[in-house]
Peer 1: 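First the structure, then my questions, so here it is.
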Amino acid sequence: MAAKQPLSDVEDGLLAHLNANAEIPDSRSFASSLGVPHKDVEDVIKRLTAFRIVEMQDITKETWVLTDEAKGYAARGSPEVQLVAAIPPEGASKGALKERLGDVFDIGMKAAAKNKWIGFEKGNKDLVLRKVEDTRDELQEQLRRLENGEVIADKVIDDLKRRKLVTKEKSIWYSLKKGPEFVAKRKTLATDVTREHLKSGDWKDLEFKDYNYGAQGQPIAIGYSQPLLEVREAIQNIFLEMGFSEMPTNMYVESSFWNFDALFQPQQHPARDSHDTFFLKAPATTTQLPDDYLEKVKQVHQSGGHGSKGYGYDWKRDEAEKNLLRTHTTAVSTRMLYKLAQEKTFAPKRYYSIDRVFRNEAVDRTHLAEFHQIEGLICDYGLTLGDLIGVLEDFFSRLGMSKLRFKPAYNPYTEPSMEIFSYHDGLKKWVEIGNSGMFRPEMLLPMGLPEGVNVIAWGLSLERPTMILYGIDNIRDLFGPKVDFNLIKSSPICRLGL
Ligand code: FB9
């Protein structure tokens with residue numbers, strides 16, 4: 001086969017031939033006349049057809065083609081004939097024949113036996129004897145005739161099929177004739193005005209390729225943001241629009257004091273044992289707790305104050321010093337409220353946090369051992385439950401959730417507390433979308449926040465809304481090593497509130 005001809009030459013050859021002969025009945029023979037692979041002619045035909053320069057008629061034919069095994073038999077004879085040919089007049093042992101014929105032996109034995117070409121001596125099943133002199137190798141003939149494209153009887157084809165010697169192959173070729181836009185030589189359309197064109201001036205008689213406005217742009221390899229971060233950003237913008245500022249949540253390791261005790265969560269509360277919380281082996285305890293404030297927390301736990309009778313148990317400092325992976329970003333809220341209380345003059349504040357929290361929970365379709373908690377709090381004089389409901393209506397309406405319901409709930413650090421539900425039109429059901437409440441005075445007053453200052457707060461997860469918005473039903477497809485990047489690439493921009 002001659003050196004690979006560029007397709008433009010194949011095109012020129014084809015157009016010239018059509019120009020001279022008005023039609024090309026069989027693209028296969030045309031390809032072999034050009035000495036190029038039929039595939040190249042096929043590509044040129046497809047291109048010229050697109051420009052309506054030629055009109056093609058495709059012709060398909062299913063032909064039986066030899067398998068590689070059959071090609072071997074066509075070349076070296078059928079197994080049964082090879083076998084008989086290998087048996088000397090005095091016969092030969094199976095071992096010797098197998099040695100000689102290799103994997104043709106078994107097939108040959110079966111076929112030769114079936115044709116009664118071989119036999120055995122009484123009592124000596126190993127000595128193979130010839131029963132015929134010369135054998136006409138019908139199989140080889142048939143295979144060769146097939147190779148030469150001759151038509152073979154269906155019965156023979158069925159035999160060959162049964163011996164897995166032929167497979168059906170669809171071959172397609174084309175007959176061509178001039179198209180409505182036929183030209184003897186296609187002007188290569190310029191796709192660009194280059195400096196050379198300008199310098200040489202031959203831009204004047206250049207023909208330009210039409211812009212294909214429907215062409216798909218080159219897929220640009222860009223980064224894609226994780227759906228969780230998409231929704232995080234959207235929710236962050238809602239908080240910022242509502243005048244909230246972000247709390248610093250970069251510390252995953254927290255002390256039990258800020259995560260539980262400062263929240264007036266008693267030391268024997270079930271959430272405080274290792275079944276629910278990841279405690280640290282090293283550093284197991286913290287040394288940096290504000291002593292005076294710690295004393296107040298101890299008091300309020302043991303004996304209450306500010307109208308509360310407390311829990312009346314023996315509060316232990318070393319329990320509070322235990323380090324853990326924070327179970328909620330409310331631990332950060334506690335630090336921020338305490339810091340706020342240290343300010344000389346109290347100023348109302350709106351804070352939010354969106355970051356990872358860790359809970360030693362059973363992993364299932366919607367729960368991992370960590371998730372992102374979203375929390376908002378407002379700290380100001382005279383805030384009421386009504387204010388909380390109002391800000392929840394406002395916040396969730398910006399998330400596209402307007403029909404809300406509130407169900408009384410319990411948290412150790414808020415009283416009253418409410419679970420928040422929203423009717424989700426898509427899911428046609430009420431969905432629990434978060435929790436909320438008013439921080440207890442037993443939490444706020446020991447910090448030093450002025451009497452009359454209340455703090456309303458609420459929380460939800462980032463994973464749940466993201467799963468619903470992106471239609472992901474298993475949290476492992478959203479977060480973790482099993483995330484399929486194509487899902488991220490193909491998932492649409494998250495449009496909250498729509
Ligand atoms: O996110 C939750 N649900 C949710 C939120 C949004 C949403 O949007 C859809 C687009 C429509 C869908 C669902 N939940 C909170 C409710 C449930 O999923 C709940 O079963 C699981 N909760 C997590 C905790 O699981 C142990 C979600 C997580 C949660 C719960 C409570 C808080 C934060 C996160 C809190 C709080 C709080 C309360 C008072 C004061 C301060 C913080």
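Just so you know, ligand 1 is whichever comes first in the structure, and atom 1 is the first atom listed for that ligand. Scope of the values below: all heavy atoms of this structure, side chains included, with no hydrogens, waters or symmetry mates.
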Peer 1: Pairwise, report which nitrogen or oxygen atoms of ligand 1 are under 3.5 angstrom from protein nitrogen or oxygen atoms, and how far apart they are.
Peer 2:
{"from": "ligand 1", "atom 1": "1 (O)", "to": "S461", "atom 2": "N", "distance (Å)": "2.8"}
{"from": "ligand 1", "atom 1": "1 (O)", "to": "S461", "atom 2": "OG", "distance (Å)": "3.1"}
{"from": "ligand 1", "atom 1": "3 (N)", "to": "E432", "atom 2": "O", "distance (Å)": "2.8"}

Peer 1: Taking C-beta and beyond as the side chain, do F264 and Y311 meet within less than 4.5 Å on heavy atoms?
Peer 2: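 Contact flag for F264/Y311 side chains = yes.
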Peer 1: Got a list of side-chain donor-acceptor pairs under 3.5 Å for residues 399-410, not counting sequence neighbours?
Peer 2:
{"from": "K407", "atom 1": "NZ", "to": "E419", "atom 2": "OE1", "distance (Å)": "3.3"}

Peer 1: Distance-only check: which donor-acceptor pairs under 3.5 Å involve side-chain atoms of residues 442-467, not counting sequence neighbours?
Peer 2:
{"from": "E442", "atom 1": "OE1", "to": "R440", "atom 2": "NE", "distance (Å)": "3.2"}
{"from": "E442", "atom 1": "OE2", "to": "S308", "atom 2": "OG", "distance (Å)": "2.8"}
{"from": "E442", "atom 1": "OE2", "to": "R440", "atom 2": "NH2", "distance (Å)": "3.3"}
{"from": "N454", "atom 1": "ND2", "to": "L383", "atom 2": "O", "distance (Å)": "2.8"}
{"from": "S461", "atom 1": "OG", "to": "R464", "atom 2": "N", "distance (Å)": "3.1"}
{"from": "E463", "atom 1": "OE1", "to": "H372", "atom 2": "N", "distance (Å)": "2.9"}
{"from": "E463", "atom 1": "OE2", "to": "H372", "atom 2": "N", "distance (Å)": "3.1"}
{"from": "E463", "atom 1": "OE2", "to": "H372", "atom 2": "ND1", "distance (Å)": "2.6"}
{"from": "T466", "atom 1": "OG1", "to": "L462", "atom 2": "O", "distance (Å)": "2.7"}

Peer 1: Quick one: sort the Y413 and H328 rings into parallel, tilted or perpendicular, breaks at 30° and 60°.
Peer 2: perpendicular
Peer 1: Mind checking what makes side-chain hydrogen bond (donor to acceptor under 3.5 Å, both in side chains) contact with D43, not counting sequence neighbours?
Peer 2: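 Expected list: K39.
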Peer 1: Before accepting this row, confirm whether a basic side-chain N of the pair R162/D158 lies closer than 4.0 Å to the acidic partner's carboxylate O.
Peer 2: no
